[in-house]
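Reading through the structure tokens given below for one structure.
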Amino acid sequence: MKHNLIKLLCIFLLAVTVNACKEDNPPLPDNLIGFEADALGMDESQSEAEVNVTLSRAETTPVEITVQLEPARLTYEQDFTTTPAAANGQLKLTIPAGQTSGSIKITKVPGTVLNGDESIQLNITAVSTPVLVSSKSELALSFAAITSTGSALVLNGKTDESNYFNTVYVDLSGNHMVAVPRKSWNLGFYSGESFRVVLNPAYQTVVTATSKSDIAEVGIADAEGIELNFAPGEGTLDMVDNWNGDLTQTAIAEVSATDADNKVYLLGFEGNKSTDLIYKIKVSRSSTGYKLQYARLGETAIKTLEIPKDEDYNFVFASVESEKIVPVEPRAKSWDIEWAYSTYNSGLDTPYWFQDFILLNTTGGAAAAEIIETTALTYSTFAESDIASLTFSQARDVIGSKWRNGGGISSPASIRSDRFYVIQDPSGNIYKLRFTSLGANGERGKPELEYLLVKKAN
């Protein structure tokens with residue numbers, strides 16, 4: 001009898017546990033696929049456009065998508081091509097298992113003369129199960145620049161590897177965003193009049209100057225007593241660039257025309273800050289660009305990379321790991337804000353690595369203002385007549401971490417719903433913007449925002 005009672009009790013406890021698990025794990029919402037926006041533009045200076053298709057969440061098997069192309073005043077292969085290639089007005093796109101996005105490249109055929117009234121309508125007509133097509137199943141690509149009247153975006157920073165694998169650049173007027181692996185570069189070389197070098201804040205990049213100007217003379221002994229790794233309360237702010245975007249406050253001094261004045265620096269970044277892994281670097285002027293010399297600290301063979309300035313971009317980026325110039329930011333006037341993992345102040349006057357940080361394209365000419373809502377002024381009521389009362393800032397961190405709360409164990413991260421931002425893009429268009437979620441479907445690294453055009457540039 002006693003044995004039966006124990007058996008019944010075990011069955012009861014098992015049933016309660018199973019039911020509790022069921023309650024704790026409700027069914028997932030539908031996995032939806034759609035274009036990132038409903039309209040994109042490609043102006044005369046661009047040779048190609050990238051159309052992104054996104055999933056609500058990754059699948060365990062590849063997702064197959066069929067996209068119908070309906071060109072207006074254009075002929076496939078004569079005026080434009082696509083990657084993946086199209087046949088009979090359709091193309092097939094595959095999003096690999098474990099990933100949440102794919103892209104279609106639309107490329108102008110070299111030598112094609114266009115009037116600016118050409119366009120392509122893209123329609124998602126089929127998708128493999130169990131994914132469903134969202135309301136964003138259609139996109140109009142104009143072969144001319146557009147000025148978006150507003151949209152809602154999910155920033156795709158997350159991958160299976162990390163919640164902050166990508167840095168995401170957003171162009172409000174173009175309804176467009178570009179995700180770039182945050183570890184793809186180490187140094188950025190300014191394309192403006194001065195000769196400045198910036199560090200990759202999303203890669204925990206730090207430097208410290210040596211007393212030497214000949215890189216061949218720098219070795220392991222020069223790192224004695226130097227600590228490039230740090231935590232809140234440790235390290236110094238002169239190891240990193242100022243997050244306000246002021247190029248006179250970079251960790252690497254302005255590159256001098258007198259080469260003997262250019263010091264050799266020790267360079268460290270995430271997972272690469274022990275003495276046997278750090279790099280020694282020296283930057284010099286080279287004609288109208290830069291010369292980068294670099295090697296592991298203990299190596300004697302010095303490598304060299306010539307880096308030209310490019311007036312279409314704020315910076316030209318280089319990786320000492322891949323030993324080449326790499327594409328990172330969009331063109332200087334073609335983005336407004338950047339979501340990233342970044343360097344910030346710990347509050348103790350030491351650097352701190354910060355998730356979900358928003359940086360403004362101040363180098364390209366963007367400006368912004370933060371507005372705390374009142375009963376008289378809200379995101380919904382803000383209008384063109386309210387612009388005159390604003391003071392726009394060109395501090396790169398004008399949004400920074402202010403849009404969200406907490407993030408520690410005792411203070412879970414969440415958005416601050418009491419504020420919004422007014423952004424003037426590099427072309428002069430003015431948008432109001434607010435964040436609506438720290439993560440789509442609860443996934444950290446996929447913040448959601450919405451924005452509306454308040455005033456179009458003259």
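Rounding to the nearest 0.5 Å places CG of Leu172 at 6.0 Å from CG of Leu433. Note: Thr149 OG1 to Tyr451 OH = 8.5 Å, rounded to the nearest 0.5 Å. The distance from the CD1 atom of Ile415 to the OG atom of Ser437 is 6.5 Å, given to the nearest 0.5 Å. Here the CZ atom belonging to Arg404 is positioned 14.0 Å from the CD1 atom belonging to Ile399, to the nearest 0.5 angstrom. Lys291 contributes atom NZ, which lies 7.0 Å from atom OG of Ser286 (distance to the nearest 0.5 angstrom). To the nearest 0.5 Å, atoms NE2 (His176) and CG (Asn52) are separated by 5.5 Å.
Contact of the Lys108 side chain with the Phe80 side chain is not registered, since no non-hydrogen atoms from C-beta on lie closer than 4.5 Å. Trp353 is listed as a side-chain neighbour of Thr343, based on a closest heavy-atom distance under 4.5 Å. In this structure, Thr208 and Thr236 have side chains that are not in contact, with every pair of non-hydrogen atoms separated by 4.5 Å or more. Between Tyr431 and Ser173, some side-chain heavy-atom pair lies under the 4.5 Å cut-off. Two residues are said to be in side-chain contact when any heavy atoms from C-beta on lie closer than 4.5 Å; Lys136 and Ser151 meet this criterion. In this structure, Val206 and Leu199 have side chains that are not in contact, with every pair of non-hydrogen atoms separated by 4.5 Å or more. Residues Val63 and Leu55 meet the side-chain proximity criterion, which asks for heavy atoms closer than 4.5 Å. Looking only at side-chain heavy atoms (C-beta outward), Glu118 and Asp79 stay at 4.5 Å or farther from each other.
More than 12 heavy atoms of other residues, nucleotides or ligands lie within 6.0 Å of NZ in Lys402, so this atom counts as buried by the packing criterion. More than 12 heavy atoms of other shown residues, nucleotides or ligands fall within 6.0 angstrom of atom CD in Glu306.
By the 30° and 60° cut-offs, the orientation of the rings of Tyr344 relative to Trp243 is perpendicular.
Ion pairing between a basic and an acidic side chain is recognised when a charged N comes within 4.0 Å of a carboxylate O; Asp241 and Arg396 show no such pairing.
Contacts classified as salt bridge (Lys or Arg N to Asp or Glu O under 4.0 Å) and involving residues 307-327 (residues at least two apart or in different chains) are given here: Lys303-Glu323. Within the structure, the side chain to side chain donor-acceptor pair (under 3.5 Å) test picks out the following pairs touching residues 357-382 (sequence neighbours left out): Asn314-Asn361, Glu370-Arg419, Glu370-Tyr421, Thr378-Thr381. Sorted by first and then second residue, the side chain to side chain donor-acceptor pair (under 3.5 Å) pairs with a member in residues 187-196 read Arg196-Thr250; sequence neighbours excluded. Among pairs with a residue in residues 145-154, none fulfils salt bridge (Lys or Arg N to Asp or Glu O under 4.0 Å), at least two apart in sequence or across chains. Sorted by first and then second residue, the salt bridge (Lys or Arg N to Asp or Glu O under 4.0 Å) pairs with a member in residues 168-192 read Arg182-Glu270, Lys183-Glu270; sequence neighbours excluded.
Residues that satisfy the ring pair (Phe, Tyr, Trp, His ring centres under 6.0 Å) test with Phe165, not counting sequence neighbours, are absent from this structure.
At least one donor-acceptor pair closer than 3.5 Å links the side chain of Lys446 to the backbone N or O of Ser56. Judged purely by atom type and a 3.5 angstrom limit, Lys282 has no side-chain atom pairing as donor or acceptor with the backbone of Ile215.
The minimum heavy-atom distance between Phe35 and Val67, with the atom names listed, is CZ-CG1, 4.3 Å. Between Ala49 and Leu141, the closest heavy-atom pair is CB-CD1, 4.1 Å. Closest approach of Leu139 and Ala37 over heavy atoms only: CD1-O, 3.2 Å.
Checked against Ser148 for a side chain to side chain donor-acceptor pair (under 3.5 Å), the options Asn429, Asp38, Asn175 give a single hit: Asn175.
Side-chain contact of Gln355 with Asn163: a donor-acceptor pair under 3.5 Å is absent, judged by distance alone. Between the side chains of Thr205 and Asn200, not a single donor N or O lies within less than 3.5 Å of an accepting N or O. With 3.5 Å as the limit, one finds a donor-acceptor pair spanning the side chains of Asn244 and Asn242.
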